[in-house]
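In what follows, a single structure is set out as structure tokens and then discussed.
Keep in mind it's a predicted model, so treat the numbers as computed, not measured. Chain letters run A, B, ... following the sequence lines, proteins first and then strands; every chain starts at 1.
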Amino acid sequence: MISRLKGTDDILPPESHRWRRLLRAFDDLAQRYGYDLAVMPAIESTELFSRAVGETTDVVEKQMYTFEDRGGRSVTLRPEFTAGMVRAYIDSGAQGIVKLAAAGPQFRYEQPQKGRRRQFYQVDLEYLGEAAPGADAEVIEFSYRLLEMVGVDGIGLRLNSIGDASDRIAYRGLLQDYLRRHQSDLSEDSRRRIDSNPLRVLDSKADAEVVGDAPVPFDHLGAEAADHFSEVRSALDTLGIPFELDPRLVRGLDYYNRTVFEFYSSSFEAAQSSLGGGGRYDPLAELIGSRQAVPAVGVAMGCDRIVEAMAAVEVRRLNIYVVVADRDRTSDALRWVADLRGRGLKVDWDASTARSVKSQFKAANRSGADVVSIVGAEWSAGMVSMKVLGTGEESKVPVEEVEEWMKQR
RNA sequence: GUGGCCGUAGCUCAGCUUGGUUAGAGCGCCGGGUUGUGAUCCCGGAUGUCGGGGGUUCAAAUCCCCUCGGUCACCCCA
């Protein structure tokens, strides 16, 4: 028997019922907020990610599924959505505002643990071509509503601003000085990052103590970034979205500027408890070689983790299970099942048309159907027997009145 | 990449310390009790390369070594 690859999952019922609810809620909300669907490649040129995400990030350094294709090109299974979405925006020749929603698998080669798989799923929103803080607030609000809508308890939102690149030139020096002074107390990884990517040290759990007194970007915002951030916060206040400021939240990818945020749930007990995150990434387009600037902000939510944090979903799968009690009526039953399905009812039957009535009833019970409808001798009088599985009560109903009878229940 | 714990029936697990009849239980599945009635109840049935390989032994699910997988955690992220 060949088994699954490490870190991949088969998502089957009953768990998949929660996935269906999440994906439908996402699709529904995206339309309400004016986001169009984007269906994106799962594979891109390696360079896209190394340039956009950043050479010195963990994702690029050690987590990418990268290989050479048969034409000798270096390709990578996408580790995230944003870079590809911006590439698509530029490739399409789009200008101005484009709001896109996407969903699908991402790939990162890591040791799996609770809430972290090698193939995982995200729903993603990108507000492209808009520099105003209202866009930041909108994607954050959207994410909050989505979590609310699917029943996640204890939703928390951490928020910060890391300012613009120009703000960080001076700040970076201050931070490096501080880190060098405490070099002996830092982990090996963090020491290495003092020169390559000092901001990321702020995020290090291992060095939380040292980092606690380090200078933070929030105290070194330029006037424009500071205004932008205060408008984001005031919009969130207006919308009634609660948040907490976290001056050490920087996020692991290089393309962010200004607003960064992360959602979590206090009900999701795992070391990897972040349900989603995102931020503004005005520099990204130019990182991947665009001549035009594309100010933008986006969010990616981890489906696997959200589903873990969701309440169980009770699903009645079917309205009617049709039992064929008289095999001579099989083709009548087949036509009728098709007819009911055509009317929008959720209907199933035993397609083998060969099993005993008893086993058809067992299957009906397992299917979660509300009602069993029996096609047998009464069919010749234009009737079927309708048995309500919950109560056991049974009555004969004219075939053409079944749809109405179901509505009356 | 590193560390802890765990791999026995479809699922959850007992048995392993102290090696010894045909390796068990519950749930699920299938059939019967009901010639057209599930869920409940009663009766019966099927299913195991005891994760894989090697070693010790008269004898290994049980002891030893290696290996693969799962899980949780570290690093970091969704």
Side-chain angles (χ1 to χ4, degrees), chain A residues 1-9 53 56-64 78-82 103-124 143 187-190 192-193 197 200-207 249-253 261-265 268-278 298-309 321 323-327 329 350 355-379 384-394 396:
Chain A
M1 182 56 195
I2 298 163
S3 50
R4 269 183 294 134
L5 252 29
K6 185 172 188 152
T8 64
D9 283 313
V53 175
T56 62
T57 59
D58 278 21
V59 170
V60 171
E61 276 181 348
K62 52 185 195 185
Q63 298 173 352
M64 291 207 300
R78 64 181 176 210
E80 58 123 40
F81 260 128
T82 306
Q106 316 294 332
F107 305 85
R108 290 183 200 173
Y109 194 90
E110 300 181 85
Q111 281 308 322
Q113 70 184 77
K114 189 173 179 67
R116 186 167 66 195
R117 324 262 61 206
R118 287 181 174 181
Q119 176 169 342
F120 60 103
Y121 295 79
Q122 289 183 335
V123 290
D124 181 89
S143 309
S187 65
E188 201 182 312
D189 281 337
S190 290
R192 197 162 42 80
R193 287 185 186 124
N197 199 340
R200 298 227 9 256
V201 179
L202 292 180
D203 226 355
S204 166
K205 282 183 203 164
D207 302 304
L249 178 66
V250 293
R251 306 200 42 81
L253 314 180
F261 58 90
E262 201 168 273
F263 284 92
Y264 62 93
S265 164
F268 183 41
E269 309 229 339
Q272 314 304 324
S273 61
S274 162
L275 300 182
V299 59
M301 307 287 286
C303 299
D304 314 66
R305 292 180 186 176
I306 293 172
V307 163
E308 285 275 336
Y321 194 98
V323 165
V324 182
D326 175 357
R327 281 186 209 163
R329 306 282 178 204
D350 175 35
R355 279 185 254 279
S356 67
V357 169
K358 185 192 183 87
S359 63
Q360 290 182 68
F361 262 87
K362 281 190 174 182
N365 198 55
R366 271 196 298 269
S367 76
D370 290 319
V371 175
V372 164
S373 183
I374 303 162
V375 174
E378 58 272 60
W379 186 268
V384 287
S385 293
M386 302 295 284
K387 178 166 183 174
V388 179
L389 287 176
T391 62
E393 67 183 283
E394 184 171 331
K396 287 198 171 59

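- Using a 4.0 Å heavy-atom criterion, one finds that A:Ala377 contacts the bases of the nucleic acid, with or without backbone contacts as well.
- Residue contacts for A:Arg117: at a heavy-atom cut-off of 4.0 Å it reaches a base atom on one of the strands shown.
- Residue contacts for A:Leu275: at a heavy-atom cut-off of 4.0 Å it reaches the sugar-phosphate backbone alone, with no base atom in range.
- Nucleotides B:G10 and B:G48 are separated by 8 Å at their P atoms, to the nearest Å.
- Shown here is A:Glu61, whose CD atom has more than 12 heavy atoms of other residues, nucleotides or ligands within 6.0 Å.
- A donor atom on one side chain and an acceptor atom on the other are not found under 3.5 Å apart for A:Glu80 and A:Gln106.
- Within the 4.0 angstrom heavy-atom criterion, base atoms lie near A:Lys358.
- Counting non-hydrogen atoms under 4.0 angstrom, A:Glu110 reaches a base of the nucleic acid.
- Across all strands shown, A:Gln111 has heavy atoms under 4.0 Å from base atoms, whether or not it also approaches the sugar-phosphate.
- With C1' as the reference atom, B:G44 and B:U8 are 26 Å apart, rounded to whole Å.
- Contact annotation for A:Ser385: base contact, defined as any heavy-atom pair under 4.0 Å involving a base atom.
- Among the heavy atoms of the strands, none lies under 4.0 Å from A:Gln360.
- Between B:G26 and B:C42, the distance separating the two P atoms is 12 Å to the nearest Å.
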Kindly list each side-chain donor-acceptor pair under 3.5 angstrom involving residues 384-394 of chain A, sequence neighbours excluded, with atom names and distances?
residue, atom, partner, partner atom, Å
A:Ser385, OG, A:Glu378, OE2, 2.5
A:Thr391, OG1, A:Glu393, N, 3.3
A:Thr391, OG1, A:Glu393, OE2, 3.2

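- Atom name C1', nucleotides B:U67 and B:C30: the rounded distance is 38 Å, in whole Å.
- Listed by chain and residue number, A:Tyr121 satisfy the side-chain hydrogen bond (donor to acceptor under 3.5 Å, both in side chains) test with A:Gln119 (two or more places apart in sequence, or in another chain).
- Comparing A:Gln122 and A:Tyr109 against RNA chain B, the residue whose closest nucleotide sits nearer the 5' end is A:Tyr109.
- Distance check on atom P: B:G15 versus B:A73 gives 27 Å, rounded to whole Å.
- Remark: B:C30 base-pairs with B:G44. Criterion, Watson-Crick or G-U wobble with two distances under 3.5 Å.
- Evaluation of the side-chain hydrogen bond (donor to acceptor under 3.5 Å, both in side chains) rule for A:Ser190 yields A:Ser187, A:Asp207 as partners, not counting sequence neighbours.
- If you check every strand for non-hydrogen atoms under 4.0 Å, A:Lys362 touches sugar and phosphate atoms only.
- Listed by chain and number, the residues in a side chain to side chain contact (heavy atoms under 4.5 Å, CB included) with A:Ser274 are A:Glu262, A:Arg305 (sequence neighbours excluded).
- For the salt bridge (charged side-chain N to carboxylate O under 4.0 Å, His left out) condition, the pairs that include at least one residue of residues 358-373 of chain A, sequence neighbours left out, are A:Arg316-A:Asp370.
- The gap from the C1' atom of B:A46 to that of B:G28 amounts to 13 Å, rounded to the nearest Å.
- In this structure, B:U35 forms no base pair with any nucleotide, since neither Watson-Crick nor G-U wobble geometry is met with both distances under 3.5 Å.
- The gap from the C1' atom of B:U34 to that of B:C43 amounts to 14 Å, rounded to the nearest Å.
- Across all strands shown, A:Arg193 has heavy atoms under 4.0 Å from sugar-phosphate atoms exclusively, and none from any base.
- Looking at A:Asp304 and A:Arg117, no side-chain N of the basic residue comes within less than 4.0 Å of a carboxylate O on the acidic one, giving no salt bridge.
- Both A:Leu5 and A:Ser187 lie close to RNA chain B; mapped to their nearest nucleotides by heavy-atom distance, the more 5′-ward contact belongs to A:Leu5.
- Among the protein residues, A:Glu378 comes within range of the nucleic acid bases, having at least one heavy atom under 4.0 Å from a base atom.
- A nucleotide of RNA chain B counts as in contact with chain A when one of its atoms lies under 4.0 Å from a heavy atom; the first and last such, 5' to 3', are B:G1 to B:A78.
- Nucleotide B:A14 has no partner under the Watson-Crick or G-U criteria, as no pair reaches both atom distances under 3.5 Å.
- By the 6.0 Å contact criterion, CZ on A:Arg355 is open, its count of non-hydrogen atoms from other residues, nucleotides or ligands being 12 or less.
- For B:C74, the paired nucleotide is B:G1, the pair qualifying as Watson-Crick or G-U wobble because both relevant distances are below 3.5 Å.
- B:G69 and B:G52 have their C1' atoms separated by 10 Å, with the value rounded to a whole Å.
- Across all strands shown, A:Arg251 has heavy atoms under 4.0 Å from sugar-phosphate atoms exclusively, and none from any base.
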